[in-house]
Q: 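The structure that follows is given in the form of structure tokens.
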Amino acid sequence: MGVSPSESLITDPPLMLPQNRQDPIYLDAHATTPVDPRVLEVMVPFFTDQFGNSGSSTHSYGWAAQGAVEQAREELATGIGASAEEIIFTSGATEANNLAIKGVAEAYLEKGRHIVTVATEHAAVLNPCRYMESLSWRVTYLPVDSQGLVDVEQLAGAIASDTVLVSIMAANNEIGVLQPLEKIGRLCGDRQVLFHTDAAQAIGKVPLNVDMQNIDLMSITAHKFYGPKGIGALYVRRRPRVNLAPQLHGGGQERGWRSGTLCVPLIVGLAEAVTLGISLQKGENQRIRALRDRLWDHLKPENSGLTIYLNGHSAQRLAGNLNISIAGIKAAELLRQLRSHVALSSGSACSATAQKLSHVLKALGNPDRQPFANLRFGIGRFNTVDDIDTTARLILEAMRSPSAQK
Ligand SMILES: *Cc1c(COP(=O)(O)O)cnc(C)c1O
């Protein structure tokens, strides 16, 4: 047919969402994603007909709810190579990270008071760590290299006799960089410290297996991969057993580790989103990566003539992530020009006067590109080739406009 293999990968999604033509193109998939219609469909009955409390043991409403929760738990566990008893449902990754860090710290006070994490973690890991510092714990924030990767040798050097926990994310939410989980897990296993990973951006998108990667605790959330907002989970290893002090006390749900009535429709949606994500993973990543590479092709200096840098490792990253720094315009100005057509975000929070660089970009170093406008693109399941071409055209137009030349 005369179509090269790489060309044939650049396709529109097999399933399109009904979208208002006036709505901006959505390229902010690291912030959140729409619920996939297939996920919504399995959730709906649990809001209405099957509304029971999964803790009610005296009637069929409760039994149906409990059955659905246990099936979802099994599905989710299977997706990450775990068993059902190792899953605790939470309200999302923020809660799962808090439970992992504070829960482990409280349960292992006897062993020591030291945590190792990384400078580029999400605030939902960094702030629980800072909180532990306020309780006299010691926290080591490891640096990353200019590509955003942690150095496993350096990690080995940071683990001390009183280290209880290492917390390192699977995939970064700004620059998409994938950390070497397997190597980190092996090291933590050898040194007998617990390994927690925040996999909020990785679940459903990259293969995760708690045994192969030697993970003791893993945080996930549904809304970053086409599931509903307000639901997530913490995986907690049983063999060898990881202990945890509950952070929410109440009716003793989730084996006492996380009290509160379970939200059955959201739990069912989480499991369906994971299962669907894993089943689509290979083909979807190829398609999304082809769109991402096409966007970069439009923008890269050789083709656009712009002074523009790619932030983060060029290969060790999520398929849908592109993070760039552009010279010659302020991020706020560029986003202002684009916002009615394209929804995306800047890795840096900017005010009118001062530009504040994100802690992730700061950690990469690269001082030459730090003053530049930073854009984070999150390409997802429902983006089309036209979304990419239109976005690139609008950026190139904005860069040529007179206000860009200040
Ligand atoms: C989104 C995100 C979180 C927070 O997840 P919520 O479910 O919204 O609480 C934590 N860590 C990372 C890496 C994220 O991308």
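Quick note: residue numbers are just sequence positions, from 1. We count ligands from 1, going down the list as the structure has it; atoms in each ligand are counted the same way.
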Q: Run the side-chain donor-acceptor check on residues 127-134: report pairs under 3.5 Å with partners two or more places apart or on a different chain.
A:
residue: Asn127; atom: OD1; partner: Arg130; partner atom: NH1; Å: 2.9
residue: Glu133; atom: OE1; partner: Tyr141; partner atom: OH; Å: 2.7
residue: Ser134; atom: OG; partner: Tyr131; partner atom: O; Å: 2.5

Q: Salt bridge (Lys or Arg N to Asp or Glu O under 4.0 Å) with Arg381: which of Asp12, Asp36, Asp387?
A: Asp36

Q: Suppose we screen for salt bridge (Lys or Arg N to Asp or Glu O under 4.0 Å). Which residues come up paired with Glu397, at least two apart in sequence or across chains?
A: Arg393

Q: Does either side chain, that of Glu174 or that of Ser358, offer a donor lying less than 3.5 Å from an acceptor on the other one?
A: yes

Q: Using the side chain to side chain donor-acceptor pair (under 3.5 Å) rule, take Asn323 and Arg317 through it: C-alpha gap first, then chi angles, then the decisive distance, then the call.
A: CA-CA 11 Å; Asn323 188 305; Arg317 70 194 298 148; over 6 Å; no

Q: How would you list, by chain and number, every residue that makes a salt bridge (Lys or Arg N to Asp or Glu O under 4.0 Å) with Glu74, sequence neighbours excluded?
A: none

Q: Dump the pairs for me: ligand 1 N or O, protein N or O, distance under 3.5 Å, to 0.1 Å.
A:
residue: ligand 1; atom: 7 (O); partner: Ala93; partner atom: N; Å: 2.9
residue: ligand 1; atom: 7 (O); partner: Thr221; partner atom: OG1; Å: 2.6
residue: ligand 1; atom: 8 (O); partner: His223; partner atom: NE2; Å: 2.9
residue: ligand 1; atom: 9 (O); partner: Thr94; partner atom: N; Å: 3.0
residue: ligand 1; atom: 9 (O); partner: Thr94; partner atom: OG1; Å: 2.6
residue: ligand 1; atom: 11 (N); partner: Asp198; partner atom: OD1; Å: 3.4
residue: ligand 1; atom: 11 (N); partner: Asp198; partner atom: OD2; Å: 2.6
residue: ligand 1; atom: 15 (O); partner: Gln201; partner atom: NE2; Å: 2.7
residue: ligand 1; atom: 15 (O); partner: Lys224; partner atom: NZ; Å: 2.7

